[in-house]
Amino acid sequence: MIPLEVTHEVFIDDDIFKALKEMKTEFCDKLVDLFKYFQVKYKENQDFDYPVAHDPCTIYYLISQEDFKGRPGHVEIELEGKSRGRTNVDFMCKHEKKNAFIFEEMNCVLYTS
């Protein structure tokens with residue numbers, strides 16, 4: 001599991017937009033359109049200047065596991081009540097067994113000139 005505390009450190013910034021545009025492929029053009037849409041929504045809803053790279057971080061893990069640090073723990077999602085949808089993480093695991101690996105750090109450079 002890669003929590004928001006980790007993925008909120010990686011943004012699709014102007015350098016990444018430029019790099020995607022320079023590739024001149026239909027796929028990269030679509031990515032720019034998608035991320036530009038997210039940029040507007042993140043600014044409106046969370047006052048971020050750039051969109052967060054949640055999904056790209058997950059893909060990055062698949063190709064570069066050594067850039068992630070974390071530890072095993074127990075994860076549960078609340079299904080009812082006021083906090084329905086909340087993710088609870090327990091690293092002590094006194095009552096439950098470990099069922100996930102939770103990432104706490106990521107060394108991720110999406111673009112380097």
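Note: hydrogens, waters and symmetry copies are ignored here, and every other heavy atom, side chains too, is used.
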Hydrogens and angles aside, do S64 and E66 bring a side-chain donor and acceptor to less than 3.5 Å of each other? yes
Same cluster (ILVMFWY, side-chain, under 4.5 Å), F68 and I59: yes
Are R71 and E104 packed together at the side-chain level, in the sense that at least one heavy-atom pair is separated by less than 4.5 angstrom? yes
Can the ring centroids of F11 and Y42 be said to lie less than 6.0 angstrom from one another? no
Angle between ring planes, F38 versus F35, binned at 30° and 60°: parallel, tilted or perpendicular? tilted
Are F48 and Y50 near enough that their ring centres are under 6.0 Å apart? no
Once rounded to the nearest 0.5 Å, what's the spacing between atom CD1 of I12 and atom CG of L20? 7.5 Å
For F101, does the CZ atom sit with more than 12 other heavy atoms under 6.0 Å from it, leaving out its own atoms? yes
Side-chain heavy atoms nearer than 4.5 Å, only ILVMFWY residues, links allowed to pass through others: does that put Y37 and F17 together? yes
Does N107 use its side chain to pair, donor to acceptor, with the backbone of D67 at less than 3.5 Å? no
For Q65, is the CD atom crowded, meaning more than 12 foreign heavy atoms sit under 6.0 Å from it? yes
Here the pair of heavy atoms bringing N88 nearest to E78 is ND2-OE2, 2.9 Å
Examine M92 and I102 and state if one hydrophobic cluster contains both, with Ile, Leu, Val, Met, Phe, Trp and Tyr joined whenever side-chain heavy atoms are less than 4.5 Å apart. no
Within-4.5 Å side-chain heavy-atom neighbours: Y60 and V10: no
Minimum heavy-atom separation for I2 to T58, with atom names? CD1-CA, 4.0 Å
Flag the pair K30 / L34 as yes when at least one side-chain heavy-atom distance between them is below 4.5 Å, and no otherwise. no
Could you measure the distance from the CZ atom of R86 to the CZ atom of R84? Nearest 0.5 Å is fine. 15.5 Å
Under a 4.5 Å cut-off applied to non-hydrogen side-chain atoms, are M1 and V89 in contact? yes
What is the distance from atom CD of Q39 to atom CG of D14, rounded to the nearest 0.5 Å? 7.0 Å
Can you name the closest pair of heavy atoms from H74 and K97 and give their distance? ND1-O, 2.7 Å
Could you check if a side-chain atom of K43 sits within less than 4.5 angstrom of a side-chain atom of D49, using non-hydrogen atoms only? yes
For D33, does the CG atom sit with more than 12 other heavy atoms under 6.0 Å from it, leaving out its own atoms? yes
What class does the angle between the rings of H54 and H8 fall in, given that below 30° is parallel, 30 to 60° is tilted and above 60° is perpendicular? tilted
Approximate separation, where rounding is to 0.5 Å, of Y61 OH and M106 CE: 13.0 Å
